[in-house]
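Reviewing the structure listed below.
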Amino acid sequence: MDIPWGSEISNKFITNIGLITTTGPHGQDVMAAEWTHHVSYRPGLIAVSVGPSHATHENIAQTEEFGISICSTDQTVLSSVSGGYSAREYDKISALQELGFEFYPAKTIKTLMVKGACANIECRLFKTIPLGDHTMFVGEATEGVSDATKEPLSYHAGKYWKMSMNLPKPSQQEREKIRSILEKYRRQEGRQH
Ligand SMILES: Cc1cc2nc3c(=O)[nH]c(=O)nc-3n(C[C@H](O)[C@H](O)[C@H](O)COP(=O)(O)O)c2cc1C
């Protein structure tokens with residue numbers, strides 16, 4: 001079955017917004033991607049799923065590098081502009097600069113990074129995986145910084161959200177009860193998964 005954009009199932013996911021920055025055949029570009037995931041610690045790998053018609057797709061395929069700026073709660077306009085217009089038609093970077101957003105040159109790759117994001121990760125292409133109607137580009141981090149004063153923007157059901165309430169993990173008492181129940185169901189040693 002399909003799980004289309006805006007469907008009830010699709011709307012149950014909560015994600016970050018990654019701002020993918022590239023410089024390639026379509027010039028300098030920034031695109032919003034809710035499908036931005038940290039997928040490995042060592043090495044640090046970041047996966048983004050990009051539609052094949054997007055300018056970003058060709059920019060990454062040609063240059064084999066991209067930047068990821070994790071959008072902060074005060075960058076909703078930046079996300080909407082990056083995700084609402086294509087570099088095939090517009091110079092989004094210049095428009096965003098006129099709107100007051102700032103960029104700086106990456107250290108290890110030839111693209112721009114977004115100022116004021118909560119984390120900025122420069123990536124060299126590690127793997128390209130065609131997956132359904134998108135392509136997953138997995139990037140290996142070559143440089144990364146984060147800003148402790150910024151909060152990551154959340155995206156859910158087509159809307160922006162701010163994380164405001166931290167829920168407690170199970171209490172010591174609950175953990176002890178869980179542990180005693182799990183011990184009743186411990187598998188025999190040597191059992192195959
Ligand atoms: C909040 C938001 C999240 C988005 N997430 C994705 C995504 O994960 N993958 C994708 O291919 N497009 C996503 N898009 C759509 C692209 O950002 C959009 O098509 C953009 O215009 C592509 O720009 P480009 O052609 O300059 O690369 C998203 C758009 C918005 C507004």
Side-chain angles (χ1 to χ4, degrees), residues 2-39 45-99 101 103 106 109-114 116-123 125-139 141 150-163:
D2 296 340
I3 305 179
W5 188 89
S7 63
E8 278 194 37
I9 294 176
S10 178
N11 281 351
K12 292 293 183 284
F13 289 83
I14 303 171
T15 63
N16 285 107
I17 295 291
L19 301 166
I20 310 175
T21 47
T22 51
T23 302
H26 296 282
Q28 293 182 327
D29 191 18
V30 54
M31 147 184 167
E34 57 179 305
W35 287 338
T36 300
H37 307 281
H38 178 196
V39 293
L45 299 178
I46 309 289
V48 289
S49 285
V50 179
S53 64
H54 301 337
T56 299
H57 193 284
E58 208 175 331
N59 273 4
I60 297 177
Q62 293 269 328
T63 61
E64 305 197 330
E65 57 183 31
F66 58 94
I68 289 291
S69 295
I70 303 295
C71 202
S72 61
T73 46
D74 47 13
Q75 293 179 321
T76 51
V77 171
L78 181 33
S79 170
S80 290
V81 173
S82 312
Y85 298 87
S86 175
R88 291 182 187 282
E89 293 175 85
Y90 298 95
D91 176 357
K92 284 183 263 184
I93 301 282
S94 295
L96 284 163
Q97 282 169 329
E98 190 166 330
L99 283 163
F101 295 101
F103 300 84
I109 56 175
K110 293 188 196 73
T111 188
L112 296 174
M113 305 299 290
V114 178
C118 39
N120 285 333
I121 310 136
E122 302 176 16
C123 295
L125 189 60
F126 181 82
K127 208 161 209 168
T128 301
I129 310 165
L131 279 180
D133 54 14
H134 281 59
T135 302
M136 183 176 277
F137 293 111
V138 183
K150 299 283 183 181
E151 188 188 338
L153 178 68
S154 303
Y155 190 65
H156 165 68
K159 294 181 181 148
Y160 300 123
W161 303 81
K162 189 177 162 66
M163 286 189 298

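Whatever order the structure lists ligands and atoms in, that order sets their numbers, starting from 1.
Against a heavy-atom cut-off of under 4.0 Å, I17 is close to the following atoms of ligand 1: 1 (C). Residue V50 has at least one heavy-atom neighbour below 4.0 Å for each of these atoms of ligand 1: 11 (O). In summary, the atoms of ligand 1 found under 4.0 Å from a heavy atom of W35, numbered by their order in the structure, are 8 (O). Atoms of ligand 1 found under 4.0 Å from any heavy atom of A55 (numbered from 1 in listed order, with element): 24 (P), 25 (O), 26 (O), 27 (O). The S82 neighbourhood of ligand 1 comprises atoms 17 (O), 20 (C), 21 (O), with distances under 4.0 Å to a heavy atom of that residue.
No side-chain donor-acceptor contact under 3.5 Å links T36 and N16. With no hydrogens or angles considered, a side-chain donor-acceptor pair links S72 and Q75 at under 3.5 Å.
In this structure, W5 and E34 approach most closely via the heavy-atom pair NE1-OE2, 3.8 Å.
Panel note: side chain K92, backbone S82; a donor-acceptor pair is recorded below 3.5 Å. Within the 3.5 Å criterion, the main-chain N or O of K162 finds no donor-acceptor partner in the side chain of E151.
The distance criterion of under 3.5 Å between nitrogen or oxygen atoms is met by A87 with respect to ligand 1. Where the criterion is an N or O separation shorter than 3.5 Å, residue side chain and backbone included, Y155 fails it with respect to ligand 1. For the pair S86 and ligand 1, the shortest N or O to N or O distance falls below 3.5 Å.
Summarising the geometry, atom OG1 belonging to T22 is positioned 10.0 Å from atom CZ belonging to F66; distances are rounded to the nearest 0.5 Å. Between I3 atom CD1 and N11 atom CG the span is 11.5 Å, to the nearest 0.5 Å.
The single protein non-hydrogen atom nearest to atom 27 (O) of ligand 1 is T56 OG1, 2.6 Å, given as residue, atom name and distance. Counting only heavy atoms of the protein, atom 11 (O) of ligand 1 lies nearest to G51 N, 2.8 Å. Nearest to atom 3 (C) of ligand 1 among the protein's heavy atoms is E34 N, 3.7 Å. What sits closest to atom 9 (N) of ligand 1 on the protein, heavy atoms only, is S49 O, 2.9 Å. Among protein heavy atoms, the minimum distance from atom 19 (O) of ligand 1 is reached at H54 CE1, 3.0 Å.
The backbone of Y85, and not its side chain, has at least one atom closer than 4.0 Å to an atom of ligand 1 (non-hydrogen atoms only; backbone = N, CA, C, O). With a 4.0 Å cut-off on non-hydrogen atoms, H26 does not touch ligand 1 at all. Contacts between K92 and ligand 1, counted as non-hydrogen atom pairs separated by less than 4.0 Å, involve the side chain only. The part of D29 lying near ligand 1 is the side chain, judged by heavy-atom distances below 4.0 Å. Here S80 has no heavy atoms under 4.0 Å from ligand 1, in either its backbone or its side chain. Contact annotation: for V48 versus ligand 1, there are no heavy atoms closer than 4.0 Å.
Considering only heavy atoms from C-beta on, T63 stays 4.5 Å or farther from T23 through its side chain. You'll find the side chain of H26 stays beyond 4.5 Å of the side chain of H54, heavy atoms only. Side-chain contact check for F101 versus V114: every heavy-atom pair is 4.5 Å or farther apart.
Residue M31 holds the heavy atom nearest to atom 10 (C) of ligand 1 of all those in M31, R88, E58. When the heavy atoms of G83, A32, S53 are ranked by distance to atom 28 (C) of ligand 1, first place goes to A32.
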Derivation and outcome, side-chain contact (heavy atoms from CB on, under 4.5 Å), residues Y155 and Y160: CA-CA 5 Å; Y155 190 65; Y160 300 123; 3.7 Å; yes
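Screening N59, I20, I60 against M31 for a side-chain contact (heavy atoms from CB on, under 4.5 Å) leaves a single residue, I20.
No more than 12 heavy-atom neighbours from other residues, nucleotides or ligands sit within 6.0 angstrom of OH on Y85.
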